[in-house]
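Residues: numbered from 1 along the sequence shown. Predicted, not measured: the structure shown is a model, and the values here were computed from it. When reading the values below, keep in mind they use all heavy atoms of this one structure, side chains included, and skip hydrogens, waters and symmetry mates.
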Amino acid sequence: MFFSWSETGIYHKNNNELNQDVIITNENKDIMIAVLCDGVSSCKYAREGAKIAGSSVCSFLSDQYRKLIHYDNRMIATKTIYHICYDLK
């Protein structure tokens, strides 16, 4: 079971802007995955971009975790970034 919490910062409150942070979770009998994406507030579709990236990473990790557990952190990061940059096209 996951619990998440996010708070809109003072800058966003003062400018009547929404929080662009997104937390995506997935869990099954083997693993629990939580992905946090910090939306880039200077972009028009920051929250939507964070949702797409977070969902993609969460899906990738859920599908590939049996292979990824055999790699070191650097290789996991490399494969995840490759997925985001190339497999989403």
Side-chain angles (χ1 to χ4, degrees):
M1 177 186 310
F2 285 101
F3 296 94
S4 64
W5 175 72
S6 181
E7 182 175 336
T8 303
I10 294 171
Y11 173 84
H12 289 85
K13 287 179 182 176
N14 289 342
N15 291 288
N16 294 320
E17 294 181 15
L18 298 175
N19 181 344
Q20 290 90 16
D21 298 344
V22 175
I23 300 169
I24 308 287
T25 62
N26 188 14
E27 103 182 78
N28 64 35
K29 64 183 180 99
D30 296 325
I31 61 167
M32 294 183 353
I33 297 170
V35 177
L36 170 64
C37 289
D38 183 13
V40 180
S41 59
S42 62
C43 296
K44 184 175 181 179
Y45 299 106
R47 186 166 181 82
E48 291 80 0
K51 284 181 185 179
I52 291 168
S55 294
S56 175
V57 169
C58 195
S59 176
F60 173 72
L61 295 176
S62 296
D63 293 343
Q64 300 294 320
Y65 73 92
R66 286 190 176 94
K67 294 178 185 175
L68 294 173
I69 60 173
H70 300 290
Y71 298 125
D72 63 17
N73 289 343
R74 185 180 184 100
M75 183 58 74
I76 293 170
T78 299
K79 289 185 174 292
T80 303
I81 291 168
Y82 183 90
H83 169 75
I84 292 169
C85 292
Y86 299 104
D87 293 344
L88 285 180
K89 288 185 177 183

Practice problem: Look at the side chain of S56 and the backbone N and O of I52, then say whether any donor-acceptor pair between them is shorter than 3.5 Å. | Solution: no
Between atom [atom1] of [X] and atom [atom2] of [Y], what is the distance when rounded to the nearest 0.5 Å?
{"X": "I76", "Y": "K67", "atom1": "CD1", "atom2": "NZ", "result": "13.5 Å"}
{"X": "S62", "Y": "E27", "atom1": "OG", "atom2": "CD", "result": "10.5 Å"}
{"X": "I23", "Y": "D38", "atom1": "CD1", "atom2": "CG", "result": "11.0 Å"}
{"X": "S42", "Y": "Q20", "atom1": "OG", "atom2": "CD", "result": "9.0 Å"}

Would you say [atom1] of [X] has more than 12 non-hydrogen atoms from neighbouring residues, nucleotides or ligands within 6.0 angstrom?
{"X": "N73", "atom1": "CG", "value": "no"}
{"X": "I10", "atom1": "CD1", "value": "no"}
{"X": "Y65", "atom1": "OH", "value": "yes"}

Quiz item: For the hydrophobic clusters of this structure (ILVMFWY residues joined by side-chain heavy atoms under 4.5 Å, transitively), does one cluster hold both I31 and V57?
Solution: yes
Quiz item: Hey, quick one: are M75 and L61 part of the same hydrophobic cluster, counting side-chain heavy atoms closer than 4.5 Å, chains of contacts allowed?
Solution: yes
Quiz item: Can you name the one residue among I33, L68, I84 that meets side chain to side chain contact (heavy atoms under 4.5 Å, CB included) with F60?
Solution: L68
How far apart are the closest heavy atoms of [X] and [Y], and which atoms are they?
{"X": "C58", "Y": "I24", "value": "CB-CG2, 3.7 Å"}
{"X": "G39", "Y": "D21", "value": "N-OD1, 3.7 Å"}
{"X": "A53", "Y": "C37", "value": "C-SG, 4.2 Å"}

Quiz prompt | Set of residues satisfying salt bridge (Lys or Arg N to Asp or Glu O under 4.0 Å) with respect to D72, sequence neighbours excluded | solution = none
Quiz item: Is the closest side-chain heavy-atom distance between Q64 and T80 below 4.5 Å?
Solution: no
Quiz item: Does any non-hydrogen side-chain atom of R47 lie less than 4.5 Å from one of V22?
Solution: yes
Self-check item: Contacts of D63 that satisfy side chain to side chain donor-acceptor pair (under 3.5 Å) - sequence neighbours left out
Solution: none
